Amino acid sequence: MSNKNEVAGRRSVLQAGLGLLAAGSATAAMAGRAAAQVKLAQEKLAQELVQYRATPNPDAPASICSSCVNWVAPNACNIVAGEIHPNGWCVAYAPKNG
């Protein structure tokens, strides 16, 4: 085999290896971003951010936590952190269907 062919062969192997390395790094970066997005999605909002109060909203007294789609009995919420009172209210209130 000539010296020119050996160099070309080594170059091809090196380029293929670098290509695989780059693809692996990109895949790892995308997996890391996806994991971070899942973690963010699992975190709950602070009560202050949703203006939570442990009493009903005087302007909408029927809009209490226990009638919200996100309510988790006896005292929790799917999207708001901390202990939630059944008669509480926040801006994230969404009525249950039916």
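For reference, positions follow the sequence shown, starting with 1. Since the model is a prediction, treat every value here as computed from it, not as a measurement.
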Backbone of Cys90 reached by a side-chain donor or acceptor of Gln47 within 3.5 Å: no

Side chain to side chain contact (heavy atoms under 4.5 Å, CB included) partners of Pro86, counting only residues at least two apart: Ser66, Trp71

Interatomic spacing from OH in Tyr52 to SG in Cys77 - rounded to 0.5 Å: 9.5 Å

Beyond-backbone contact of Ile64 with Asn87, side-chain heavy atoms, under 4.5 angstrom: yes

Shortest non-hydrogen contact from Gln51 toward Val91: OE1-CG1, 3.5 Å

Closest approach of Ile84 to Cys65 (non-hydrogen atoms, all atoms of both residues): CG2-SG, 3.6 Å

Results of side chain to side chain contact (heavy atoms under 4.5 Å, CB included) for Asn78 - residues two or more places apart only: Asn70, Val72

Under 3.5 Å donor-acceptor pairs involving side-chain atoms of residues 53-61, not counting sequence neighbours:
from, atom 1, to, atom 2, distance (Å)
Asn57, OD1, Asp59, N, 2.9

Any residue meeting side chain to side chain contact (heavy atoms under 4.5 Å, CB included) with Ala81, in chain and number order, not counting sequence neighbours: Lys44

Tyr93: side chain to side chain donor-acceptor pair (under 3.5 Å) partners, not counting sequence neighbours: Ser67

